[in-house]
Undergrad: 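Okay, handing you the structure first.
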Amino acid sequence: MKSTMSLVKPAMRGLLAKRLRFHLPIAFGLALVAAVAFKFTVTEPRKQAYADFYKHYDSMKEFSAMREAGVFESVRPTGK
Amino acid sequence: QHTLEGNRDHTAVIHICLSIYLDRYFQTLYSSLTVVVLVHLSSDVDVIDCSVPQYNNRLDTPLPDVPFVRNLSSEQKKLKEKEKGSWTQLTKEEKLALYRLTHELSYAEMRQGSKEWMTVLGGVFIFLGFTGLLVWWQRVYVYGDVPHTLSQESVAQQTQRMIDMRVNPVHGFSNKWDYEKKQWK
């Protein structure tokens with residue numbers, strides 16, 4: 001029973017290439033988005049936090065406070 | 001075989017709570033014993049001879065090596081004779097009977113699955129529960145005393161020392177402590 005209309009021949013070659021042509025740009029795009037998102041949500045705030053911390057950091061004051069608390073072994077608190 | 005047991009058995013196991021302890025070895029022993037008992041009870045089951053082609057229900061072999069029913073009754077033999085003629089003469093019931101002669105399960109029956117996962121999950125939980133009890137007993141009766149550094153007083157001293165040392169002052173521990181007011185932020 002041969003009908004007058006025959007089926008379309010399915011794609012036999014280039015299946016992987018076709019899939020890559022579609023998915024690779026998406027993959028690269030998503031990777032880029034992930035990297036940019038990480039930069040602006042994690043690294044930039046972290047850098048800013050450190051910059052803010054050290055802007056008004058008085059190391060001698062901190063050292064004296066730590067010394068008085070008694071955490072050092074090379075220098076004991078003043079007064080002993 | 002397992003369709004006979006029925007799905008109710010699988011659901012029943014899930015409701016058993018910690019009453020049976022089957023070690024893995026005992027479980028395989030039990031299942032092998034039941035197989036032995038089943039073979040004993042039904043004497044019309046052929047002993048499987050693996051040196052000749054066998055029937056199988058597999059999705060990837062639509063036409064197994066041998067038909068399911070080997071020993072045909074006289075009626076079935078008559079049906080087979082009728083099959084040699086024109087198939088348009090066969091009724092729907094006869095076609096189905098012929099199908100069931102050559103195949104045990106249809107594709108839908110092969111695919112349908114069972115509620116065995118409930119049994120498996122129930123067994124896993126029973127195992128885990130019993131193990132939890134064992135671990136609890138071990139914690140109470142086998143383990144020695146906890147170090148004194150885990151006492152409340154010792155932990156308070158350690159925390160104070162960490163604050164004095166300015167541990168993680170930018171983001172972490174000491175960042176949460178207010179050094180002016182001497183309390184947590």
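Keep in mind that what you see is a predicted model, and the values were worked out from it rather than measured. Just so we're on the same page: letters track the sequence lines, and every chain starts at 1.
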Undergrad: Between A:Ala65 and B:Arg166, what is the shortest heavy-atom contact and its length?
TA: CB-NH2, 2.9 Å

Undergrad: Look at the side-chain heavy atoms of Ile, Leu, Val, Met, Phe, Trp and Tyr, link any pair under 4.5 Å apart, and say whether B:Leu72 and B:Tyr99 land in one connected group.
TA: no

Undergrad: Give a yes or no on this: more than 12 heavy atoms of other residues, nucleotides or ligands lie within 6.0 Å of atom CH2 of B:Trp184.
TA: yes

Undergrad: With a 4.5 angstrom heavy-atom cut-off, could you sort out which part of A:Glu68 is near chain B: side chain, backbone, both or neither?
TA: neither

Undergrad: Could you grab the distance from atom OH of B:Tyr179 to atom NZ of A:Lys61, nearest 0.5 Å is fine?
TA: 11.0 Å

Undergrad: Applying a strict under-4.5 Å side-chain criterion to I, L, V, M, F, W and Y, I'd like to know whether B:Phe68 and B:Val66 cluster together.
TA: yes

Undergrad: Mind checking whether A:Phe53 and B:His171 have side chains closer than 4.5 Å, heavy atoms only?
TA: no

Undergrad: Using a cut-off of 6.0 Å, state whether more than 12 heavy atoms not belonging to B:Asp145 lie near its atom CG.
TA: no

Undergrad: Looking at A:Val71 and B:Met165, what are the two nearest heavy atoms and their distance?
TA: CG1-CG, 3.7 Å

Undergrad: Does atom CD (B:Gln138) have a neighbourhood of more than 12 heavy atoms from anything else shown, all under 6.0 Å?
TA: yes

Undergrad: Sort out for me which of B:Ile163, B:Asn175, B:Asp164, B:Val170 touches chain A most, counting heavy-atom pairs under 4.5 Å.
TA: B:Val170

